[in-house]
Amino acid sequence: MKKSDLCRNPAAARNQASPLHVAIIMDGNGRWATARSLPRIAGHRRGAIAVRRTVEAAPKLGIGTLTLYAFSSDNWQRPASEVSALMQLFHEYLRKETEECARNGIRINVIGRRDRFSPALLEDIEYAEKHTAHGSTLHLRLAVDYSARDAIMRAAQLFKPEGEPTREEFRRMMSKAIHSPVCPDVDLLIRTGGEQRLSDFLLWETAYAELYFTSRMWPDFEEADLAAAVQAFYARERRFGTILEAAAG
Ligand code: FPP
């Protein structure tokens, strides 16, 4: 599907000339597995396949930045076996996908804290980021050990404006706090799995994001689901707190 096909709302088109920043809370892996009498980690494994599908589909849908919530800072409280299986999955994903991402112009970036990873995972992250740094087709940000509240607090500690504080300067500190280059704000936030909450994800960057909730469990999420979310986004009217020119007269 072409971006122009999605763009039926002229007001939305006017407000959205640049590639989209889409963020996804990938929820429902555990329930997907439990419903099939499988261990939860089987759901995470299928979830990793859905990540691959989504990364492939994103550029075709006009997405320039894709931020995926893979592991929240609160997820450390899950059973140790699930945590270590998830860490193993991130490790495998980075090992398997880095070369292909580099070939396809996908820039990988892991956002969040970095002081609680194993040295081996940290090495994979640094390798993936370095070897894909030139990518300009898609900026893929994987949020691992991520908490928006912690990120805001770290940014506040780093923020030492010389003159009048500006949002742009604070945005730079926010990026620095999570090891990310400065990115555009989130345009569209998708949450799978049927719940409707933000779960400490990108609280600053989603100030004007459109929210899209689907009951689809993450392992079942397909290109068509992403296209439907993007289409819903283009059908919305974004006003950013102002009013449309036509209504203003
Ligand atoms: C939330 O579902 C999902 C997670 C905590 C892990 C997300 C991980 C993946 C999608 C796979 C690996 C990712 C990469 C980047 C390789 P949940 O477990 O809370 O599901 P539930 O609400 O059904 O229990």
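For ligands, and for the atoms within them, numbers begin at 1 and follow the listed sequence. Computed from a prediction, not measured in an experiment: that's the story for all the values here.
- In the vicinity of Met26, heavy-atom distances shorter than 4.0 Å reach the ligand 1 atoms 1 (C), 2 (O), 3 (C), 10 (C).
- In summary, Arg78 and Asp74 do not engage in a salt bridge, as defined by a charged side-chain N under 4.0 Å from a carboxylate O.
- Within the 4.0 Å heavy-atom criterion, neither part of Glu92 lies near ligand 1.
- Ion pairing of Arg52 with Glu56 is present here, as a side-chain N (NZ or NE/NH1/NH2) and a carboxylate O approach within less than 4.0 Å.
- Here the heavy atom of the protein found nearest to atom 20 (O) of ligand 1 is Gly30 N, 3.1 Å.
- Within the set Tyr69, Phe221, Phe90, Phe71, the minimum heavy-atom distance to atom 12 (C) of ligand 1 is found for Phe90.
- At a threshold of 4.0 Å, the pair Arg95-Glu92 does not count as salt-bridged, since none of the basic side-chain nitrogens sits closer than that to a carboxylate oxygen.
- A cation-pi arrangement, defined by a distance under 6.0 Å to the six-membered ring centre and an angle within 45 degrees of its axis, is present between Arg36 and Trp32.
- Using cut-offs of 30° and 60° for the angle between ring planes, the Phe90 and Phe71 rings count as perpendicular.
- Of the N or O atoms in Leu86, none lie within a sub-3.5 Å distance of an N or O in ligand 1.
- Under a 4.0 angstrom heavy-atom cut-off, Gly28 registers as being in contact with ligand 1.
- Here Lys176 does not pair with Glu169 in a salt bridge; the nearest charged N to carboxylate O distance is not below 4.0 Å.
- The distance from ligand 1 to the heavy atoms of Ala48 drops below 4.0 Å at these ligand atoms: 11 (C).
- In terms of protein heavy-atom proximity, atom 11 (C) of ligand 1 is nearest to His44 O, 3.4 Å.
- Counting protein heavy atoms only, atom 19 (O) of ligand 1 is closest to Arg78 NH2, 2.7 Å.
- For the side chain to side chain contact (heavy atoms under 4.5 Å, CB included) test with Val144, the passing option among Leu86, Leu68, Val110 is Val110; the others fail.
- Using a 4.0 Å cut-off between charged nitrogen and carboxylate oxygen, Arg114 and Glu126 do not count as a salt-bridge pair.
- Nearest protein heavy-atom contact of atom 10 (C) of ligand 1 is Asn29 ND2, 3.4 Å.
- Contact atoms of ligand 1 toward Trp218: 10 (C) (distance under 4.0 Å to a heavy atom of the residue).
- The protein heavy atom nearest to atom 5 (C) of ligand 1 is Asn75 OD1, 3.5 Å.
- Ala70 O, 3.3 Å is the protein heavy atom nearest to atom 7 (C) of ligand 1.
- Considering backbone and side-chain atoms alike, Asp27 places an N or O below 3.5 Å from some N or O of ligand 1.
- In this structure, a donor-acceptor pair under 3.5 Å is absent between the side chains of Trp204 and Asp185.
- Under the 4.5 Å side-chain criterion, counting only non-hydrogen atoms from C-beta, Met174 is in contact with Ile152.
- Taking 4.0 Å as the cut-off between side-chain N and carboxylate O, Glu129 and Arg107 do not count as a salt-bridged pair.
- At a 3.5 angstrom cut-off on N or O pairs, Arg31 counts as close to ligand 1.
- Numbered from 1 in the order shown, with element, the atoms of ligand 1 that lie under 4.0 Å from a heavy atom of Tyr93 read 16 (C).
- At under 3.5 Å, a nitrogen or oxygen of Arg40, whether backbone or side chain, sits near a nitrogen or oxygen of ligand 1.
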